[in-house]
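Since the structure is predicted, the reported quantities are computational estimates derived from the model, not experimental observations.
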Amino acid sequence: MSLTQATKQAIWLHFLLSEIMDRQDKKLPSITIFTDNQGCIALAHNPENHAPTKHIHIQHHFVREQVEGGELSLEYTPTGVMVADCLTKALPREKFVQYRASMGIY
């Protein structure tokens with residue numbers, strides 16, 4: 001579910017960037033979303049119907065269509081190096097400072 005929301009936001013920002021840069025005639029590079037959920041990546045790449053995931057059927061197909069169309073690519077990033085954790089989790093001070101510096105915030 002969160003991958004679907006991230007995909008929608010990324011597509012909107014991609015569209016906004018192309019508008020600002022006035023690049024409707026040229027294609028911007030595909031969107032890359034880094035995730036630590038290997039199950040999401042497998043569902044997005046595997047066209048089989050998974051019975052336990054019927055409740056996310058529509059969202060699942062939306063993300064899969066974006067991946068198949070080349071608009072979106074998903075990359076696995078281990079939890080230990082996920083910089084976005086700085087914004088979403090309580091972390092020890094050392095990790096927080098490390099992730100904050102990785103984002104360029106001082």
Same cluster (ILVMFWY, side-chain, under 4.5 Å), Ile20 and Trp12: yes
Cluster check Val83, Leu91: I/L/V/M/F/W/Y, side chain < 4.5 angstrom: yes
Pairs meeting criterion side chain to side chain donor-acceptor pair (under 3.5 Å) with involvement of residues 74-87, two or more places apart: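 For residues 74-87: Asp36-Thr79.
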Under the side chain to side chain contact (heavy atoms under 4.5 Å, CB included) test, residues paired with Ile105 that sit two or more places apart: Arg100, Met103
For Thr7, all residues meeting side chain to side chain contact (heavy atoms under 4.5 Å, CB included), sequence neighbours excluded: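 Leu3, Ile11, Ile33, Phe62, Val63, Gln66, Leu72.
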Donor-acceptor contact present, side-chain Lys95 to main-chain Gly80, <3.5 Å: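 Side chain of Lys95 to backbone of Gly80, a donor-acceptor pair under 3.5 Å: yes, one is there.
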Pairwise distance NE2(His14) to CD(Glu71) - rounded to 0.5 angstrom: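 CD of Glu71 is found 7.0 Å from NE2 of His14.
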Straight-line distance of Tyr99 OH to Lys89 NZ, nearest 0.5 Å: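 Between atom OH of Tyr99 and atom NZ of Lys89 there are 8.5 Å.
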Sequence-distant partners of Ser73, side-chain hydrogen bond (donor to acceptor under 3.5 Å, both in side chains), two or more places apart: Thr32
Heavy-atom closest pair, residues Met82 and Thr35: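 It is CE-C, 3.6 Å.
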